[in-house]
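Written below as structure tokens is the structure these notes are about.
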Amino acid sequence: MADERPVVVIGAGPAGLAAAAELVTRDLPVLILERGDTAGAAVSEWGHVRLFSKWRDLVDPAAEKLLAVSGWRRPDDDGYPTGREWVEDYLAPLAEALGDRVRFGAEVTGVSRLGRDRVVDAGRAEQPFIVHVRTRDGQERLSAHAVVDASGTWRTPNPVGGDGLPALGEAAAAERISYRIPDLGEEKIRIRHAGRTTAVVGRGHSALTALVALAAMAQESPGTKAVWVLRRGEVGDAFGGGTADRLVERGALGRRARAAVEAGHVEVVTGFRTAQVRSVEDRLVLVGEDGRELEPVDEIVALTGFRPDLSLLSEVRLGLDPTLQAPVELAPLIDPNRHSCGTVYPHGAAELSHPEDGFFLAGMKSYGRAPTFLALTGYEQVRSIAAHLAGDHEGAARVELVLPETGVCGGAGLFDDPTATKADADGCCDPAPEAVREPAAEQGGCCGDLSVSEPPVLSRHESPTESSEESVLTAESGCCSGPAQQVGPGEPGRIS
């Protein structure tokens with residue numbers, strides 16, 4: 001007899017909604033629990049940012065089939081949506097199409113096995129999952145056949161502190177520290193930066209986006225200045241691969257940031273790891289681990305990446321890499337200490353599994369602290385997970401994913417090592433595992449990225465010479481890059 005308990009999906013973002021669509025296609029019962037009041041609640045918070053990916057890479061195939069029944073019209077494949085447009089034109093309609101399979105205002109506070117904490121072995125596998133939920137009306141427990149945690153990492157940004165912990169004084173200065181790309185089109189945010197000095201800490205695409213926006217403001221509002229604080233000893237590849245980047249707009253963003261630095265709108269500070277944030281006469285001073293003090297600034301924008309919140313999974317038996325906090329089988333494929341070429345090797349349910357059978361991390365959260373998660377990666381993840389849960393193990397194992405390279409190679413660990421030579425850093429990543437290939441007719445025309453928004457180097461709709469732009473989400477950048485306001489067809493963020 002089939003298990004009638006639903007697969008519980010945590011999070012109604014791009015990955016979570018796509019997971020539900022894939023499960024519905026497989027005739028499996030599913031329930032999405034979303035803490036926010038709307039679909040794509042986290043994406044809405046970076047709604048002013050334009051994705052690097054085109055629409056053709058941002059719609060999950062199974063989701064499109066569900067939407068087609070309601071008369072939904074697919075946006076122009078060649079357009080680059082903002083986060084807000086992605087929500088309004090795709091995520092919100094998809095949630096509506098899923099109907100009562102989505103519950104809003106339902107925050108998952110814990111996951112376990114019925115009557116079993118993480119220590120108990122006896123009868124564990126036979127017990128259903130129990131999901132603890134908090135709503136406006138109180139608390140409840142739900143029974144689940146399986147659980148897919150696609151809650152993302154948006155609410156747990158990395159701190160300013162260079163050692164992974166909040167710097168001394170960081171909490172006290174919270175009113176003047178932001179961990180998001182500033183929306184300079186919003187007046188109350190604009191006045192915090194216009195004619196003032198802002199320190200931007202971080203080196204990913206989100207940091208570049210913020211720098212380009214502030215540089216544009218400097219031309220309109222005299223006195224506006226940006227200080228770019230880098231932990232590495234040199235700028236190096238921080239501007240990206242430029243024309244070598246297979247995502248055209250992602251490469252263009254780096255060129256705009258480089259131009260802003262060369263024009264003098266951005267001051268660059270390298271080799272600086274923050275130990276303290278000190279308040280001095282209503283301004284902030286960053287103090288480094290080596291005792292250096294930067295000139296006072298008025299605001300700090302920390303775009304140093306994200307990390308997963310694993311507190312709700314304390315009773316689940318997870319198999320996580322000790323460094324990245326990603327599934328142990330996936331971690332070697334995405335470790336930034338070994339790979340930085342933009343390559344994401346094929347992976348699916350097998351690499352995303354844990355000792356707790358039936359539990360999966362998907363979307364941005366599956367990458368732990370690793371950077372550069374693409375929406376297409378997430379879509380392929382949940383397609384494989386749904387196939388596995390439906391008993392189609394051949395379909396789950398058949399994963400092919402080819403994503404756009406950044407044009408930059410060399411492990412992050414090498415870049416951070418002052419003794420590494422240029423030859424060391426230029427060596428491009430470890431050898432790639434052999435990709436799993438499948439006949440085009442069996443690929444289902446899918447491949448979209450799901451957690452954030454970014455196109456693949458080769459999608460099932462484009463030739464090897466085409467570049468799709470949009471969606472990069474990097475752990476370091478935290479959100480997308482490329483605010484719609486001035487960066488143009490720019491980029492998405494890191495959200496699942």
Side-chain angles (χ1 to χ4, degrees), residues 3-24 28-45 87 91-92 94-120 124-156 306-318 320 352 354 356-366 378 381-382 385-386 389 450-451 495-496:
D3 193 332
E4 297 182 356
R5 285 180 286 256
V7 176
V8 166
V9 176
I10 306 174
L17 291 169
E22 296 287 349
L23 290 163
V24 169
L28 294 176
V30 58
L31 176 64
I32 297 179
L33 300 174
E34 165 58 47
R35 64 180 290 176
D37 295 326
T38 61
V43 177
S44 294
E45 293 189 29
V87 171
L91 298 178
L94 177 54
E96 185 175 350
L98 288 166
D100 59 8
R101 298 183 183 93
V102 185
R103 286 184 57 185
F104 295 109
E107 179 183 4
V108 174
T109 59
V111 179
S112 187
R113 290 280 189 179
L114 179 64
R116 305 289 190 276
D117 62 23
R118 67 181 297 160
V119 176
V120 179
R124 186 178 192 85
E126 290 72 41
Q127 299 305 315
F129 286 97
I130 295 298
V131 182
H132 288 235
V133 183
R134 179 166 54 219
T135 69
R136 295 180 182 84
D137 299 323
Q139 297 180 318
E140 58 184 293
R141 300 198 320 165
L142 303 176
S143 180
H145 167 60
V147 175
V148 178
D149 185 350
S151 58
T153 58
W154 180 249
R155 311 216 175 265
T156 47
F306 294 81
R307 60 184 61 179
D309 177 6
L310 302 172
S311 61
L312 71 159
L313 306 178
S314 62
E315 298 308 311
V316 177
R317 293 180 175 180
L318 301 176
L320 298 177
L352 297 167
H354 294 270
E356 198 77 74
D357 187 38
F359 178 86
F360 298 91
L361 295 176
M364 189 61 250
K365 194 166 185 175
S366 71
Q381 286 181 342
V382 298
I385 291 171
L389 292 175
L450 147 47
S451 160
I495 301 178
S496 96

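On a predicted model such as this, the values are computed, not experimentally measured, just so you know.
Qualifying side-chain hydrogen bond (donor to acceptor under 3.5 Å, both in side chains) partners for Glu356, counting only residues two or more places apart in sequence or in other chains: Arg113, Arg124. Judged as a side-chain contact (heavy atoms from CB on, under 4.5 Å), and not counting sequence neighbours, the contacts of Ala95 are Leu17, Ala39, Phe104. Scanning for side-chain contact (heavy atoms from CB on, under 4.5 Å) contacts around Glu96 gives an empty result, with sequence neighbours left out. Under the side-chain hydrogen bond (donor to acceptor under 3.5 Å, both in side chains) criterion, Asp137 pairs with no residue, sequence neighbours left out. Arg317 meets the side-chain hydrogen bond (donor to acceptor under 3.5 Å, both in side chains) test with Asp121; sequence neighbours excluded. His354 pairs by the side-chain hydrogen bond (donor to acceptor under 3.5 Å, both in side chains) definition with nothing, not counting sequence neighbours.
Judged purely by atom type and a 3.5 angstrom limit, Thr156 uses its side chain to pair as donor or acceptor with the backbone of Arg307. No donor-acceptor pair closer than 3.5 Å links the side chain of Asp309 to the backbone N or O of Leu312. Within the 3.5 Å criterion, the main-chain N or O of Ser112 finds no donor-acceptor partner in the side chain of Glu315. Here the side chain of Lys365 pairs no donor or acceptor atom with the backbone of Leu310 at under 3.5 angstrom. Gln381 contributes a side-chain N or O that, together with a main-chain N or O of Gly363, makes up a donor-acceptor pair within less than 3.5 Å.
Here Glu107 pairs with Arg134 in a salt bridge; the nearest charged N to carboxylate O distance falls below 4.0 Å. Using a 4.0 Å cut-off between a side-chain N of Lys or Arg and a carboxylate O of Asp or Glu, Arg103 and Glu140 qualify as a salt bridge.
The structure places CZ of Arg141 at 11.0 Å from OG1 of Thr109, a figure rounded to the nearest 0.5 Å. In this structure, the separation between CG on Leu33 and OG on Ser151 is 11.0 Å, given to the nearest 0.5 Å. Note that OG of Ser143 is 7.0 Å distant from CG of Leu114, once rounded to the nearest 0.5 Å.
In this structure the side chain of Val108 never reaches within 4.5 angstrom of the side chain of Val147, judged on heavy atoms. Side chains of Leu361 and Leu313 form a contact here, defined as non-hydrogen atoms less than 4.5 Å apart. In this structure, Val9 and Leu31 have side chains that are not in contact, with every pair of non-hydrogen atoms separated by 4.5 Å or more. Leu91 is listed as a side-chain neighbour of Val43, based on a closest heavy-atom distance under 4.5 Å. His132 is not listed as a side-chain neighbour of Val111, based on a closest heavy-atom distance of 4.5 Å or more.
By the 30° and 60° cut-offs, the orientation of the rings of Phe129 relative to Phe359 is tilted.
Taking all atoms of both residues into account, the shortest heavy-atom contact from Val87 to Gly40 is CG2-O, 3.7 Å. Residues Ala20 and Leu98 come closest through the heavy atom pair CB-CD1, 3.8 Å. Between Arg118 and Ser314 the shortest heavy-atom distance is NH1-O, 2.8 Å. Between Phe360 and Leu352, the shortest heavy-atom contact is CD2-O, 3.7 Å. Scanning all heavy atoms of the two residues, the minimum distance from Val24 to Arg101 falls at CG2-NE, 3.6 Å.
Under a cut-off of 6.0 angstrom, the local environment of CG in Asp357 is sparse, with at most 12 non-hydrogen atoms contributed by other residues, nucleotides or ligands.
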Intermediate values then yes/no, side-chain contact (heavy atoms from CB on, under 4.5 Å), Val7 and Val148: CA-CA 7 Å; Val7 176; Val148 178; 4.1 Å; yes

